Amino acid sequence: MESVAPEMFDRAGNMEELLALLGRAGIENGWAKREPSMYAVPRKRFIAAHWTFAQTRAALAAAGRFVNTELAERRNLILANPVEGNHYPTVTTLVSAYQMVKAGETARSHRHTSNALRLVLEGGPDMFTIVDGVKLPMMPNDVLLTPNWSWHAHSNETQRDSYWIDFLDVPLTHLLGPMFFEHHEDKVERAGAVDAGSPCRFAFEDIVRRLADAKEFAPGCRRIELGGPAMATIAIHVIRLDAGSSFRDEPSTMSRVYAVMEGAARARIDAADFAAARGDVIAEPSGCAGEWRAAAECFLLCVSDEPLLKYLGWLRAIPAPA
Ligand code: GTQ
Ligand code: FE2
């Protein structure tokens, strides 16, 4: 970029000379752009993808032999969307990861501006996430929140390694810029009482009870929301499908990440077919059509950026291509 005097533009004799001057001045023209900045409907960047707990569990168990929580802030495996060149987001705004904390181990206290939640796959009454000094039990299928800037550590006081799935809005934090992170002065924040009834904990038994009273949104399909919404950028829904039932997600601007809490499901997302078992994760990026089907009764966790898009006035259906 150099300084181009106004008189130079006066002397430009044709479009080519003008474009050359603009180039030297570091100014992009808006009529013959490299890339159109607007288009009729959203372009897709991410693709549907499936990760199995069978595979990631084995990988985390192996990581448990080589990686301790002194070395690793968290012993986690990032579910980067498999689209070419991507190494981090699972979908536009969200990243998902599997995490394991060994029996007797702790993962130190920290806080960050990114909002997070976890879905417990293997835990117990003495597996805790310590949120702002309060111990929240991590029982199988519980959902735990660690919103923006809340201190959190994980303390496994059970006899078995614990596994769960993390969901965070880090890709959104990266895009907008407001990432802050710090360690607690105590390695693991001192915790008072156990609070199984914390607003940051959704116990599976309560989820099951609420779903029993929920009305159908499609035949054999019931859905509840955890929180309203759970966090500023993230909505969490749990869907219960009776055996043989199915529902559709119409293509829209929201991004979704699903996890199977119980049972097994088949998903057809755009042209891809997936058979998902308990603990598996499926990315359903914005713009994708999803069809979900249960062979046997099934519980699905759906994590989305719905509240963010709603707030922005950008939650819209995307019409199918003509
Ligand atoms: O457990 O605090 O998968 O901060 C990524 C970042 C988990 C966590 C992740 C995190 C955590
Ligand atoms: Fe964290």
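Indexing begins at 1, ligand by ligand and atom by atom, following the structure's order. Every value quoted in this text rests on a predicted model; they were computed, and no experiment measured them.
Under the 6.0 Å cut-off for aromatic ring centres, Trp292 and Tyr258 qualify, their centroids lying closer than that. Between His184 and His110, the ring center distance fails the sub-6.0 Å criterion. For an aromatic pair to be called close, the ring centres must be under 6.0 Å apart, and Tyr163 with Tyr98 fails this.
Under the 30°/60° scheme for interplanar angles, the aromatic rings of His152 and His154 are found to be tilted.
The minimum distance between the Fe ion (ligand 2) and any N, O or S atom of His152 involves atom NE2. For His112, the N, O or S atom with the smallest separation from the Fe ion (ligand 2) is NE2.
Distances below 4.0 Å separate heavy atoms of Arg118 from the following atoms of ligand 1: 1 (O), 8 (C). The atoms of ligand 1 that sit less than 4.0 Å from any heavy atom of His154 are 1 (O), 2 (O), 8 (C). The ligand atoms of ligand 1 that sit less than 4.0 angstrom from a heavy atom of Ala97 are 3 (O).
Atom 11 (C) of ligand 1 has Arg74 CG, 3.7 Å as its closest protein atom, hydrogens excluded (heavy atom only). Of all protein heavy atoms, the one closest to atom 6 (C) of ligand 1 is Leu168 CD2, 3.7 Å. The protein heavy atom nearest to atom 7 (C) of ligand 1 is Asp166 OD2, 3.2 Å. In terms of protein heavy-atom proximity, atom 9 (C) of ligand 1 is nearest to Asn76 ND2, 3.2 Å.
Within the 4.0 Å heavy-atom shell around ligand 1 one does not find Glu73.
A donor-acceptor pair is defined here as one N or O able to donate and one able to accept, closer than 3.5 Å; such a pair exists between the side chain of Arg222 and the backbone of Ala214. Panel note: side chain Thr113, backbone Pro178; a donor-acceptor pair is recorded below 3.5 Å.
For the residue pair Asn81 / Asn86, no side-chain donor-acceptor distance below 3.5 Å is found, with atom types taken as modelled.
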